[in-house]
There are 2 protein chains.
Amino acid sequence: MLGLSKKSDYALLALSYLATNGESRTVRTREIAERFAIPAELLAKVMQRLAKMGWLASSPGPSGGYTLAVSDTSITVGDVVRAVDGGSALTQCMHSPEGSDCEQWANCTIRGPLGFVNERVQDVLNHIPIRDIRERATPASAESELVSIVVPDHSAPAAVRAGASRSHNEGDTP
Amino acid sequence: MLGLSKKSDYALLALSYLATNGESRTVRTREIAERFAIPAELLAKVMQRLAKMGWLASSPGPSGGYTLAVSDTSITVGDVVRAVDGGSALTQCMHSPEGSDCEQWANCTIRGPLGFVNERVQDVLNHIPIRDIRERATPASAESELVSIVVPDHSAPAAVRAGASRSHNEGDTP
DNA sequence: CTAATGCCGACCAATGAGGTCGGAGACCTG
DNA sequence: CAGGTCTCCGACCTCATTGGTCGGCATTAG
């Protein structure tokens with residue numbers, strides 16, 4: 001289907017919400033859930049994983065909640081999707097180093113041609129920091145702000161960005 | 001999960017195979033299936049849809065098979081995914097004009113911020129023609145191969161070699 | 001005619017996504 | 001100090017979508 005999963009959606013939503021409305025206060029999961037009308041329990045699970053990643057600081061008890069623990073420019077939607085959805089490679093066997101779990105590595109003719117497509121998509125996702133995902137009423141035509149990526153216009157499919165800069169910033173909390 | 005479905009994979013594989021090895025001969029489904037070690041029946045189903053899209057010409061009977069009916073630069077992986085996978089919008093309610101079928105339109109906060117991410121991904125996919133998906137033996141660092149597309153017979157200076165100059169001029173195949 | 005191919009529909013199975021439940025620790029109140 | 005309540009936490013469950021299969025029919029070359 002080629003789409004972000006609900007979990008990724010919620011994670012992105014929550015992170016951007018924290019980046020915007022959670023300046024220096026703890027935000028409860030339920031607040032976010034009600035704000036976006038999404039199931040609170042599922043969001044809770046997502047929040048846990050984000051906290052485990054070191055991106056959120058959690059504090060239990062009443063008046064507890066979550067706080068953004070990192071800069072909103074230091075993590076990208078690629079990071080989030082990868083963390084929440086568990087590996088966002090197009091074909092699963094893409095991330096393993098030598099095909100350790102995929103013994104079809106030799107026969108896997110798919111790896112080559114489709115890996116190229118994968119890299120393009122990953123590239124885009126790795127270049128959108130969560131800061132760029134702000135709540136916006138206007139759905140389209142907001143191109144002006146967030147041109148951090150280099151996608152050309154609609155009819156000239158030239159060189160999307162030759163470098164394929166795989167910037168896996170796998171490091172965690174700064 | 002953010003990945004192409006198997007069907008899309010197979011479609012892309014088959015199309016690129018036809019673009020490369022099917023110059024002016026009919027290629028049987030089984031040939032492609034065996035080449036890539038994928039289930040023939042499923043590939044057959046995919047091929048039928050591609051044919052119905054007008055991208056493949058089919059001929060039944062012995063010595064029958066498929067032929068690429070369009071230029072390999074005229075369809076993109078976005079087109080293919082959209083056709084085979086059936087609508088590749090992140091959230092389904094994205095394409096409807098005013099949320100006619102999705103009555104959550106008001107609450108749908110996903111539409112705004114996440115639609116932006118969607119558009120970026122779509123953009124990338126819409127800018128990769130199937131010509132760019134060639135079979136490559138070397139998994140990484142095969143950038144140099146990609147350029148082999150339009151290399152003019154003038155002995156190009158060595159400066160041309162690397163990177164990014166993926167030009168899609170080229171008109172149409174008769 | 002026969003065989004090989006595409007064509008079409010229905011059918012089955014399993015993976016994984018989406019959603020839910022009961023617990024453990026920490027703040028607040030009396 | 002003790003109980004209650006609110007929060008996070010982790011395991012569990014269900015079910016829809018996807019991947020895959022099967023059988024039968026139409027068509028055409030030899």
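Keep in mind that the numbers below use all heavy atoms, side chains included, and drop hydrogens, waters and symmetry copies. What you are looking at is a predicted structure, and each value in this text was computed from that prediction instead of being measured.
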In B/S/- notation, 5' to 3', how is nucleotides 3-12 of chain C contacted by protein heavy atoms closer than 4.0 Å? BBBSBB-B--
Nearest 0.5 Å, what's the CZ-OG1 distance between Arg25(B) and Thr67(B)? 9.5 Å
From the list dA17(C), dG19(D), dG19(C), which nucleotide is the closest neighbour of the side chain of Ser5(A)? dA17(C)
Applying side-chain contact (heavy atoms from CB on, under 4.5 Å) to Ala44(B) and not counting sequence neighbours gives Thr29(B), Gln48(B)
Between atom CD1 in Ile38(B) and atom P in dG20(D), what is the gap in whole Å? 9 Å
Results of side chain to side chain donor-acceptor pair (under 3.5 Å) for Glu34(B) - residues two or more places apart only: none
Between dG16(C) atom C1' and Lys6(B) atom NZ, what is the distance in whole Å? 13 Å
Taken in chain and number order and not counting sequence neighbours, the residues that satisfy side-chain contact (heavy atoms from CB on, under 4.5 Å) with Ala11(B) are Val46(B), Leu50(B), Val80(B), Val84(B)
Could you give the CG-to-P distance, from Asp85(B) to dT17(D), as a whole number of Å? 13 Å
Specify the separation, in whole Å, of atom CG of Leu43(A) and atom P of dC21(C). 17 Å
Rounded distance (Å) that lies between atom C1' of dG10(D) and atom CG of Leu42(A): 14 Å
Rounded off to whole Å, could you give me the CG-to-C1' distance for the Asp9(A) and dG19(C) pair? 15 Å
Separation of dT7(D) atom P from Leu56(A) atom CG, nearest Å, is 17 Å
Under the side-chain contact (heavy atoms from CB on, under 4.5 Å) test, which residues partner Thr73(A), sequence neighbours left out? Ser71(A), Arg131(A)
Can you tell me if the side-chain N/O atoms of Tyr10(A) get under 4.0 Å from OP1 or OP2 in dG19(C)? yes
Results of side-chain contact (heavy atoms from CB on, under 4.5 Å) for Ala57(B) - residues two or more places apart only: Ala69(B)
Protein-nucleotide distance (Glu41(A), atom CD; dC13(D), atom C1'), rounded to Å: 14 Å
